[in-house]
Amino acid sequence: MINNIKQLLKNTINKKYSEIIGSQQVNFTVERSNNDKHGDLSSNIALKLASILKKSPTVIAENIVKEIQNKNEIIENIEIVKPGFINFFIKNSYYQNIVEEVLSKNRKYKKTNLGKGKKIQVEFVSANPTGPLTIGHGRQAVLGDTISRILEWNGYEVTREYYFNDAGRQMRLLGESLYVRYMELLGEKLKIPVDGYEGEYIKDIAKSFVKKYGEKYKNKSTDKIFIDFATENIFVSIKNTLKRLNIVHDVFFNEKTLYENGKIDEVIKKMEQKGATYKSEGAIWFKTTEFGAEKDRVLVKKSGEPTYRLPDIAYHTEKLMQDYDQIIDIFGADHHATYPDVISALKVMDYDTSKIKVLLHQFVTLVRKNKKIKMSTRKGDFVTLDELIDIAGSDVVRYFFIMRNMDSHLNFDIDLAQKETDENPVYYLQYAHARIANVIKHSKLKGIESFEDGNIGLLKEKEEIDILKVISEFEGIMELCRITLEPMHLANYLHKLATCFHKFYQKHRVVTEDKELSKSRLKLIKSIKIIFSNCLSILGIEAPENM
RNA sequence: GCCCCGGUAGCUCAAUUGGAUAGAGCAACGGUCUUCUAAACCGUAGGUCACAGAUUCGAAUUCUGUCCGGGGUACCA
């Protein structure tokens with residue numbers, strides 16, 4: 001509809017003003033009005049042309065309108081307003097026809113195939129197996145999965161990837177922490193190492209360790225079994241948590257692979273050849289200052305161990321070697337200083353980094369009794385994602401995490417979540433869906449077997465047309481989501497759709513003595529139901545038939 | 001110090017990326033179920049869009065500076 005009008009305007013000015021405009025691009029827009037008085041669509045074309053043509057916008061608008069009047073069958077009326085906006089009023093029949101389109105396309109309504117044959121890798125969560133997933137990870141998990149679903153809706157083939165490291169200092173500490181808890185169960189008091197893991201979950205793991213091995217590993221603190229046992233247990237729980245949220249990764253990539261397949265050495269050698277590194281104080285440094293960084297960074301410590309940066313770089317060369325058309329990395333705000341180094345290194349080695357898109361999301365702050373709490377996995381001070389799902393349920397958790405812009409901090413009030421699950425906004429959407437399902441069921445009881453022959457021309461009430469207008473926005477919203485990769489827009493949209501449905505429901509009855517009208521309204525609500533169900537499925541949220 | 005986010009109603013956040021009278025949900029107050037689900041709807045109240053400049057027909061949105069909050073700035077990941 002918008003493109004339709006836009007093309008019409010473009011043609012008109014090309015015809016009328018081509019001599020003056022010449023090859024200049026006129027950047028005008030056609031947008032949905034946010035006020036009924038301004039019609040359905042409005043264009044600023046006359047305002048944009050005013051400075052080029054050196055005429056008053058109103059005069060230009062009048063000339064344009066004269067030209068296009070009656071040239072488009074969906075336009076009911078055109079008005080010119082104050083500074084020079086051209087407002088279009090669209091015919092009801094245009095909106096009514098949407099019902100038929102939704103009903104016939106159903107699950108495929110406005111679904112696109114833009115990504116057909118294209119592969120995208122989305123990397124997210126990527127938490128090392130040192131403890132259960134926290135609320136903080138939850139945001140990234142839901143964000144990553146929902147973005148994946150948006151891409152899939154557009155026909156892309158998405159691979160969800162999880163990158164992890166089960167070696168190194170953190171893991172050693174994890175193993176030692178488990179050992180301490182293990183010995184504790186065997187009656188010996190030891191101290192958790194400095195920077196070790198103090199969370200309760202280690203005690204649980206220690207219990208199953210005892211169950212399995214008894215006293216076999218008493219006093220064998222250095223045995224690798226402690227690390228392996230801990231990571232294995234933790235990974236199982238991480239995967240379970242994600243599964244509860246309907247999130248399943250396709251690939252778990254172990255950092256270890258990069259050492260085994262020689263990628264790490266390869267990267268170091270290549271960067272050396274390119275003259276991007278140097279040795280100093282026994283370490284190997286990357287000249288990041290040449291890429292605008294403040295300081296040079298260490299790639300290999302004097303101990304010979306790489307810093308986290310090196311495997312990150314190697315991992316990305318690995319990603320780029322595969323045939324993905326796009327690579328999306330989802331990181332927390334704490335990564336903002338490190339990923340530019342990775343990109344710089346890839347550029348040094350002549351990789352095309354334009355395929356890589358990095359999305360940073362801000363942190364989740366846990367609020368409890370009106371106090372902000374800093375979460376730390378190490379100190380065991382956190383609320384796990386599992387606990388949150390227990391309290392609120394998967395649907396609410398998913399909705400909650402994509403409800404807001406990823407750029408804004410998220411304050412999570414745990415008391416509120418516990419107390420007010422009934423008033424959660426997600427129920428508002430699901431309730432609308434369930435209500436519709438119920439009305440359709442009711443209509444069958446009232447003897448309306450089918451409503452395929454309902455006459456959409458009978459949908460004339462303001463509340464009915466309003467709903468159809470919102471449905472007509474769906475395509476644009478999905479486009480916005482695709483471009484910005486920001487699922488929040490879809491959440492806002494659904495809320496808006498639910499609002500107009502509830503308003504309609506309150507004011508008008510669907511099933512009445514008037515069979516014809518009932519059938520047409522059943523068609524209407526069926527089409528709303530389809531939109532709900534499609535959108536909720538993109539958000540990974542259930543669309544219940546009753547509540 | 002430097003880098004990245006944010007600052008909008010009492011609270012949590014929107015504003016389709018520069019459009020017209022800045023909107024929702026909680027919280028407050030008042031109203032609506034003999035009817036297809038009241039987990040809903042209607043109404044009232046609530047705003048110096050942090051502050052100051054700049055850009056233009058037009059700014060919450062872009063630019064500059066200042067203030068406040070969060071994150072980063074490791075030979076931790």
Side-chain angles (χ1 to χ4, degrees), chain A residues 29 31-35 37-38 42 44 47-48 50-51 56-57 81-85 87 126-128 130 165 168-170 173 195 255 281-285 292-295 297-303 305-309 311-312 332-338 340 360-363 365 367 370 372 403-413 416 420 422-425 427-428 430-432 434-443 445-446 473 476-477 479-481 483-484 488-489 491-493 495-496 498-499 501-512 518 521 525 546-547:
Chain A
T29 58
E31 287 177 324
R32 273 164 213 288
S33 316
N34 49 15
N35 186 327
K37 283 182 197 156
H38 302 141
S42 82
N44 60 1
L47 292 160
K48 291 287 174 192
S51 60
S56 115
V81 191
K82 281 188 282 176
F85 288 105
N87 295 335
S126 294
N128 283 343
T130 58
N165 174 16
R169 195 178 98 95
Q170 299 302 325
L173 285 164
D195 288 341
E255 185 189 297
E281 302 164 52
I284 299 176
W285 297 70
E294 212 183 337
K295 285 184 242 169
R297 306 291 179 194
V298 172
L299 287 180
V300 182
K301 305 177 206 172
K302 66 181 167 205
S303 64
E305 260 182 306
T307 63
Y308 62 90
R309 239 171 278 264
D312 272 4
D334 54 340
H335 273 69
H336 108 265
T338 80
L360 292 179
H361 69 268
Q362 297 301 310
F363 280 163
T365 314
V367 181
N370 288 326
K372 287 186 180 179
M403 239 169 86
R404 8 203 102 147
N405 197 313
M406 64 178 115
D407 278 340
S408 59
H409 296 256
L410 197 116
N411 284 323
F412 194 98
D413 189 327
L416 208 77
E420 297 191 330
D422 281 5
E423 289 165 27
N424 200 291
Y427 295 130
Y428 185 74
Q430 293 183 318
Y431 185 54
R435 261 186 158 175
I436 293 171
N438 194 64
V439 174
I440 293 173
K441 217 190 299 165
H442 181 260
S443 73
L445 294 175
K446 288 282 174 183
E473 288 177 40
I477 292 295
E479 191 185 2
L480 187 68
C481 288
I483 292 167
T484 60
M488 171 205 63
H489 294 121
N492 288 346
Y493 173 73
H495 193 273
K496 187 172 175 184
T499 300
F501 167 71
H502 286 309
K503 278 184 185 175
F504 161 77
Y505 182 91
Q506 204 71 27
K507 196 158 175 188
H508 306 284
R509 273 187 75 85
V510 176
V511 183
T512 60
S518 299
R521 286 187 173 162
I525 63 167
N546 47 58
M547 282 175 77

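Order of the sequence lines fixes the chain letters, A, B, ..., with proteins taken first and strands second; residue numbering starts at 1 for each chain.
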Set of residues satisfying salt bridge (Lys or Arg N to Asp or Glu O under 4.0 Å) with respect to A:Arg309, sequence neighbours excluded: A:Asp341
Under the salt bridge (Lys or Arg N to Asp or Glu O under 4.0 Å) test, residues paired with A:Glu31 that sit two or more places apart: none
Would you classify [X] as touching base, sugar-phosphate or nothing, given that sugar-phosphate means primed atoms plus P, OP1 and OP2, and contacts are heavy atoms under 4.0 Å?
{"X": "A:Glu473", "result": "nothing"}
{"X": "A:Asp312", "result": "nothing"}
{"X": "A:Ala432", "result": "nothing"}
{"X": "A:Lys302", "result": "base"}
{"X": "A:Tyr428", "result": "sugar-phosphate"}
{"X": "A:Ala283", "result": "base"}
{"X": "A:His442", "result": "sugar-phosphate"}
{"X": "A:Thr484", "result": "base"}
{"X": "A:His508", "result": "base"}
{"X": "A:Ser42", "result": "base"}
{"X": "A:His495", "result": "sugar-phosphate"}
{"X": "A:Arg32", "result": "nothing"}
{"X": "A:Met488", "result": "sugar-phosphate"}

Rounded to the nearest Å, what distance is computed from the [atom1] atom of residue [X] to the [atom2] atom of nucleotide [N]?
{"X": "A:Lys496", "N": "B:C41", "atom1": "NZ", "atom2": "P", "result": "16 Å"}
{"X": "A:Asn128", "N": "B:C76", "atom1": "CG", "atom2": "P", "result": "15 Å"}
{"X": "A:Tyr493", "N": "B:U17", "atom1": "OH", "atom2": "P", "result": "16 Å"}
{"X": "A:Arg404", "N": "B:A15", "atom1": "CZ", "atom2": "P", "result": "12 Å"}
{"X": "A:His361", "N": "B:G71", "atom1": "NE2", "atom2": "P", "result": "14 Å"}
{"X": "A:Arg509", "N": "B:U32", "atom1": "CZ", "atom2": "P", "result": "20 Å"}
{"X": "A:Ile483", "N": "B:U17", "atom1": "CD1", "atom2": "C1'", "result": "10 Å"}
{"X": "A:His489", "N": "B:A24", "atom1": "NE2", "atom2": "P", "result": "17 Å"}

Is_stacked (A:Tyr308, B:C76) at 5.5 Å, 30 deg: no
Ring-base stacking, A:Phe85 with B:A20 (5.5 Å, 30° cut-offs):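 It does: the two rings, one from A:Phe85 and one from B:A20, meet the stacking criterion.
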When the [atom1] atoms of [N] and [M] are considered, how many whole Å apart are they?
{"N": "B:G6", "M": "B:C13", "atom1": "P", "result": "13 Å"}
{"N": "B:A74", "M": "B:U62", "atom1": "C1'", "result": "37 Å"}
{"N": "B:G10", "M": "B:U66", "atom1": "C1'", "result": "27 Å"}
{"N": "B:U61", "M": "B:A39", "atom1": "P", "result": "41 Å"}
{"N": "B:C63", "M": "B:U55", "atom1": "C1'", "result": "7 Å"}
{"N": "B:C51", "M": "B:A77", "atom1": "C1'", "result": "39 Å"}
{"N": "B:A9", "M": "B:A50", "atom1": "P", "result": "8 Å"}
{"N": "B:C29", "M": "B:A60", "atom1": "C1'", "result": "30 Å"}

Mark yes or no for a side-chain to base donor-acceptor pair under 3.5 Å between [X] and [N], with no hydrogen or angle criteria applied.
{"X": "A:Glu294", "N": "B:G72", "answer": "no"}
{"X": "A:Glu305", "N": "B:C75", "answer": "no"}
{"X": "A:His502", "N": "B:C41", "answer": "no"}
{"X": "A:Asn35", "N": "B:A22", "answer": "no"}

Can you tell me which nucleotide in [options] comes closest to the side chain of [X]?
{"X": "A:Ala333", "options": "B:A20, B:G71, B:A15", "result": "B:G71"}
{"X": "A:His38", "options": "B:C36, B:C75, B:A20", "result": "B:A20"}
{"X": "A:Met547", "options": "B:A39, B:C3, B:C75", "result": "B:A39"}
{"X": "A:His336", "options": "B:G71, B:C75, B:U12", "result": "B:G71"}
{"X": "A:Tyr431", "options": "B:C75, B:C2, B:A40", "result": "B:A40"}

Strictly below 4.0 Å: does [X] bring a side-chain N or O up to OP1 or OP2 of [N]?
{"X": "A:Lys295", "N": "B:C3", "result": "no"}
{"X": "A:Asn492", "N": "B:A24", "result": "no"}
{"X": "A:Tyr427", "N": "B:A39", "result": "no"}
{"X": "A:Lys503", "N": "B:U32", "result": "no"}
{"X": "A:Arg435", "N": "B:A38", "result": "yes"}

Note: A:Arg169-A:Glu305 ion pair, threshold 4.0 Å (strictly below):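 Salt bridge flag = no for A:Glu305 with A:Arg169.
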Sequence-distant partners of A:Tyr493, ring-ring contact (aromatic ring centres under 6.0 Å, His included), two or more places apart: none
Chi-based syn or anti call at B:U17, which uses purine or pyrimidine torsion atoms and a 90° bound: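 Nucleotide B:U17 adopts syn.
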Torsion-based syn/anti label for B:C29, 90° from 0 as limit: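 Anti conformation here, the glycosidic angle of B:C29 being more than 90° from 0.
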Inter-residue atom distance A:Arg404.CZ - A:His409.NE2, 0.5 Å rounding: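 Output value for this atom pair is 13.0 Å.
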A:Thr365 (side chain) donor-acceptor with A:Asn411 (main chain) under 3.5 angstrom: no
Any side-chain heavy-atom pair of A:Leu410 and A:Phe363 under 4.5 Å: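 No, side chains not in contact.
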5′-ward residue of the pair A:Leu410/A:Gly282 relative to RNA chain B: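 Nearest-nucleotide comparison on RNA chain B picks A:Leu410.
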Contact nearer the 5' end of RNA chain B, comparing A:Val511 with A:Val81: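 Result of the comparison: A:Val81.
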Strand RNA chain B as a dot-bracket string - pairs counted if Watson-Crick or G-U with both distances under 3.5 Å, | where the partner lies in another strand: (((((((..((((.....[...)))).(((((.......))))).....(((((..]....))))))))))))....
Produce the list of close N/O pairs, under 3.5 Å, pairing protein atoms with atoms of nucleotides 5-9 of chain B; give distances to one decimal.
from	atom 1	to	atom 2	distance (Å)
B:C5	O2'	A:Gln362	NE2	3.3
B:C5	O2'	A:Asp407	O	2.3
B:C5	O2	A:His409	NE2	3.4

Parallel, tilted or perpendicular: rings of A:Tyr428 and A:His502 (30°, 60°): tilted
Heavy-atom protein contacts under 4.0 Å, nucleotides 56-64 of chain B, coded B base, S sugar-phosphate only, - none: -BB------
